[in-house]
Amino acid sequence: MCIFCNIIEGEIPSEKVYEDETCIIIKDIEPIAPIHLLMIPKKHYARLEDASVSEAMELSFMLNKLAQIKDDLGLQNGYRIVINQGKDGGQTVEHLHIHILGGRPLSWQA
Ligand code: 5GP
Ligand code: ZN
């Protein structure tokens, strides 16, 4: 089982800030911004191209949920979402996840 599936199952501890039937949001273990969260679908698939139509729809519901709860997460001044995809994208965990970054003005660099 992958590391995020283990976190979802509660086998590996995490700092969970949100959970519903489709996803969890946890604090990233190595934050690169004052707020660095990971929104992780409960269903395992590695990348966007592996998502079924229903999983892709679930992703858009997750974004809608994020927009509704952003203030509760401390993101009232704005935030950035990032999905790293594959080798060039810097993806290290092969279970799709949305990075949520905020807590200060973020520079734009690759
Ligand atoms: P990726 O590089 O795949 O886009 O992002 C993976 C992220 O998962 C990294 O930012 C890394 O710090 C985070 N991460 C890896 N292992 C763990 C873990 O066990 N717990 C938590 N909370 N985050 C993790
Ligand atoms: Zn997984």
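Quick note: numbers below take in every heavy atom, side chains included, and nothing from hydrogens, waters or symmetry partners. This one's a predicted model, so the numbers in the text were calculated from it and none came from an experiment.
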Review point. Taking a hydrophobic cluster as the set of Ile, Leu, Val, Met, Phe, Trp and Tyr residues connected by side-chain heavy atoms closer than 4.5 Å, whether directly or through intermediates, do Ile12 and Ile29 fall within one such cluster?
Key: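 No: no chain of side-chain contacts under 4.5 Å links Ile12 to Ile29.
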
Check your understanding: Would Ile40 and Met1 show up in the same hydrophobic cluster when neighbours are defined by side-chain heavy atoms closer than 4.5 Å?
Key ->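 No: no chain of side-chain contacts under 4.5 Å links Ile40 to Met1.
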
Point to revise | Heavy-atom neighbours of Glu15 CD exceed 12 at 6.0 Å | key: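 Not buried by this count: 12 neighbours or fewer within 6.0 Å.
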
Point to revise | Derivation of the ring pair (Phe, Tyr, Trp, His ring centres under 6.0 Å) call for His97 and His99 | key: CA-CA 6 Å; His97 51 283; His99 291 264; 5.1 Å; yes

Review point. Could you give all pairs that pass the salt bridge (charged side-chain N to carboxylate O under 4.0 Å, His left out) test and reach residues 70-95, with sequence neighbours left out?
Key: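 Passing the test, one end in residues 70-95: Arg47-Glu94.
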
Review point. Members other than Phe61 in its cluster, when Ile, Leu, Val, Met, Phe, Trp, Tyr link by side-chain heavy atoms under 4.5 Å?
Key: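 Members alongside Phe61: none; it stands by itself.
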
**Study point:** Remaining members of the apolar cluster that contains Leu37, side-chain heavy atoms under 4.5 Å
**Key:**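 So far as hydrophobic clustering goes, Leu37 is joined with Val17, Tyr18, Ile25, Ile35, Met39, Tyr45, Leu48, Leu59, Met62, Leu63, Leu66, Ile69, Leu73, Leu75, Tyr79, Ile81, Ile83, Leu96, Ile98, Ile100.
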
Check your understanding: Any donor and acceptor pair, going by atom type alone, linking the side chain of Glu9 with main-chain N or O of Asn6 inside 3.5 Å?
Key ->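 No; zero donor-acceptor contacts below 3.5 Å.
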
Check your understanding: Roughly how far, to the nearest 0.5 Å, is the CD1 atom of Ile26 from the NZ atom of Lys16?
Key ->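 If we round to the nearest 0.5 Å, Lys16:NZ and Ile26:CD1 are 9.0 Å apart.
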
Review point. Nearest 0.5 Å, what's the CD-SG distance between Glu11 and Cys5?
Key: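 That separation rounds to 11.0 Å.
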
Can you see which heavy atom on [X] is nearest to which on [Y], and at what distance?
X     : Y      : result
His44 : Cys2   : ND1-SG, 3.5 Å
Ala56 : Ala51  : N-CB, 4.2 Å
Ala33 : Gly102 : CB-O, 3.7 Å
Gln91 : Val93  : NE2-O, 3.0 Å
Pro41 : His95  : O-NE2, 2.9 Å

Review point. Any side-chain heavy atom of Val82 sitting closer than 4.5 Å to one from Asn84?
Key: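 Yes, side chains in contact.
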
Check your understanding: Do Ser14 and Lys27 touch side chain to side chain, with heavy atoms closer than 4.5 Å?
Key ->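 Side chain of Ser14 against side chain of Lys27, heavy atoms only: no contact under 4.5 Å found.
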
Practice item. Salt-bridge test for Glu19 and Lys42: reply yes if a basic N is under 4.0 Å from a carboxylate O, no otherwise. Key: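 Lys42 and Glu19: salt-bridged.
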
